[in-house]
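Report on the following structure.
In what follows, every heavy atom counts, from backbone to side chain, and hydrogens, waters and symmetry copies are set aside. Remember, it's 1-based here, ligands and their atoms both numbered in the order they're listed.
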Amino acid sequence: MDLLGLTIKDIEESLKKGVFSCQELVKESFSTIKKHDKKINAFLTLNEEQALKQANHYDNLIKKDKNIFDEKPLLGIPVALKDLFTTKDIRTTAGSKIIGDYNPPFDATVVKKLIDAGAIIIGKTNEDAWGHGSSGENTDYEVTRNPYDLNRVPGGSSSGSGAAVAYGGVLVGTGTDTGSSVRLPAGFCNLVGLKPTYGRVSRYGIIAMASSFDSIGHMTRTVYDNAKVLEVTAGVDPFDSTTVPIKVDQYTKKLGQSIKGMKIGLPKEYFVKGLDDKVSNSIKNSLKILEKLGATVKEVSLPHTDYAMAAYYILVPSEVSSNLSRYDGIRYGGSREMFGAEAKRRIMLGSYTLSSGYYDAYYLKAAKVRTLIKRDFENAFKEVDVLIVPTSPTLPFKIGEKVDDPLQMYLSDIFLCPVNLAGIPGLNVQSGFVDGFPVGMQIIGPQFSEELLYKVAYLFEQETQYYKIRPKFKNG
Ligand code: GLN
């Protein structure tokens with residue numbers, strides 16, 4: 001058995017037919033992790049004993065009732081959780097040493113939903129501390145490496161979840177996307193990653209980064225698997241008042257439907273200087289494939305794009321400084337000295353932009369720009385159904401290349417942050433491979449258009465099949 005050769009659908013069929021048991025599946029997951037993780041550093045904590053016990057329990061349930069899958073659609077599926085998903089009795093660090101010994105007394109809503117659906121929690125994954133970063137290098141632990149090339153970053157901040165799915169340790173890795181953190185690691189690790197509409201998935205029990213931006217998403221190898229997991233995790237939650245009582249679509253049911261006549265917009269502001277030609281060419285080729293599938297492509301404009309990063313780096317640090325203020329070593333967390341450089345930078349920046357005299361000049365201005373950016377997207381969606389842009393302006397970069405230059409690092413998210421400012425969904429699907437590295441393509445849609453994004457991505461994925469390419473562990 002080999003997890004990289006399996007999808008959620010395959011696993012359900014095999015468990016029903018008894019091709020393998022849940023226990024065998026979970027053992028395979030841990031043996032793959034033990035084989036690769038010393039080099040990759042995707043995991044901070046493993047949940048082996050509990051996972052095997054759960055698998056044994058599910059094997060007995062399957063023996064008794066083959067229809068158990070109707071009730072538990074993710075039965076037996078090995079899942080890794082980003083370490084800012086609160087897990088009852090499993091250490092939860094948010095990638096930071098400040099709360100390095102925190103054992104939460106409760107599960108986040110998403111965790112509870114995954115467990116109720118039969119998923120097996122394999123472990124907690126490495127990340128940029130508190131979600132601050134684009135490469136995984138801001139973790140307070142060992143840096144996660146990209147399974148396609150161990151000298152390169154896997155993308156952040158959900159770096160461990162991305163790497164763990166990419167090397168076949170688990171089928172699903174959860175993440176949070178405040179400005180990039182599900183889509184970027186998905187793009188750098190040849191995965192599907194969806195940042196849903198803000199409010200589609202509950203944030204309850206997720207350690208907050210910037211509360212008006214944080215969106216909970218998942219990384220998987222295929223579109224079907226991603227859609228299947230979102231069916232479980234999406235929906236209204238009484239513990240999160242920003243979740244929206246809009247029906248959760250049966251995303252998997254629409255996969256395979258034609259996209260004939262669909263209008264795709266190319267925002268001209270995204271295809272500019274700074275975008276690597278290799279990435280740009282890959283996206284252009286992908287657009288040709290989408291045209292072959294029946295879509296039409298036209299240029300559109302998102303005129304306020306230039307202001308997105310500036311607005312993001314005022315609003316997000318403001319919310320960060322407020323959310324991190326509870327870890328002052330008095331109420332929660334260890335000594336404040338233990339905050340890493342990036343967390344300190346954001347706390348200072350946010351305290352400054354929220355202080356009296358500067359609030360109007362910075363915070364309020366940025367909030368207004370946010371509205372303009374949201375409107376840009378709304379206007380574009382009057383002309384087209386979805387937008388397509390590169391996920392990252394560059395190929396996965398080398399470890400150490402940008403870590404000492406925060407501005408360069410921030411620019412990795414230039415095509416991703418605007419989506420969070422607007423609260424709309426964005427999905428990364430693989431556009432192709434260049435020089436042996438994955439290149440991601442982002443499909444952006446209006447609020448609550450997840451079903452549409454999956455539909456487009458699925459047809460593209462079936463046509464191209466890049467998900468069958470396996471990591472080479474280059475330089476390993
Ligand atoms: N890279 C972005 C930042 O550092 C976004 C991170 C995220 O989405 N958690 O703010």
Side-chain angles (χ1 to χ4, degrees), residues 81-85 93-96 125-140 144 153-162 173-188 193-196 198 201 203 206-219 308-324 339-350 353 366 370 391-394 396-397 402-428 440 442:
L81 302 171
K82 185 177 187 179
D83 211 15
L84 44 67
F85 283 63
T93 69
S96 168
T125 57
N126 207 346
E127 54 160 298
D128 290 295
W130 313 104
H132 305 166
S134 309
S135 66
E137 292 166 286
N138 290 336
T139 175
D140 285 352
T144 306
V153 304
S157 64
S158 315
S159 47
S161 282
T174 68
T176 52
D177 191 314
T178 303
S180 65
S181 291
V182 166
R183 291 160 292 159
L184 194 60
F188 281 0
L194 174 92
K195 171 232 171 295
Y198 180 79
V201 179
R203 290 178 294 113
I206 309 293
I207 295 174
M209 178 174 161
S211 307
S212 79
F213 290 75
D214 295 346
S215 311
I216 290 35
H218 318 299
M219 283 176 269
M309 291 304 282
Y312 178 91
Y313 277 99
I314 300 275
L315 296 172
V316 167
S318 302
E319 294 189 26
V320 162
S321 74
S322 156
N323 276 327
L324 289 185
F339 271 119
E342 186 60 29
K344 283 184 186 155
R345 184 176 297 124
R346 294 187 188 213
I347 292 168
M348 285 193 280
L349 209 67
T353 50
R370 183 179 197 175
T391 294
S392 157
T394 66
F397 47 91
K402 299 189 181 178
V403 74
D404 296 323
D405 187 347
L407 282 183
Q408 275 309 313
M409 185 70 90
Y410 295 170
L411 287 174
S412 315
D413 303 339
I414 192 158
F415 302 144
L416 302 170
C417 289
V419 168
N420 300 68
L421 283 159
I424 54 179
L427 178 149
N428 176 79
Q442 187 188 196

Any side-chain donor-acceptor pair under 3.5 Å between K195 and S215?
-> yes
In short, side-chain hydrogen bond (donor to acceptor under 3.5 Å, both in side chains) pairs touching residues 404-422 with sequence neighbours left out are S134-D413, D177-N420, S180-D413, R183-N420, E342-Y410
Worksheet entry | Backbone of T178 reached by a side-chain donor or acceptor of D214 within 3.5 Å | no
Does one side chain, of S212 or E319, offer a donor that lies under 3.5 Å from an acceptor on the other?
yes
Within the heavy-atom cut-off of under 4.0 Å, ligand 1 is lined by G131, H132, G133, S134, S157, D177, T178, G179, S180, S181, M209, Y312, Y313, R346, D413
For T353 and S318, which I'm curious about, is there any donor-acceptor pair between the side chains at under 3.5 Å? yes
Check: So do M219 and S161 actually touch side chain to side chain, heavy atoms under 4.5 Å?
Finding: yes
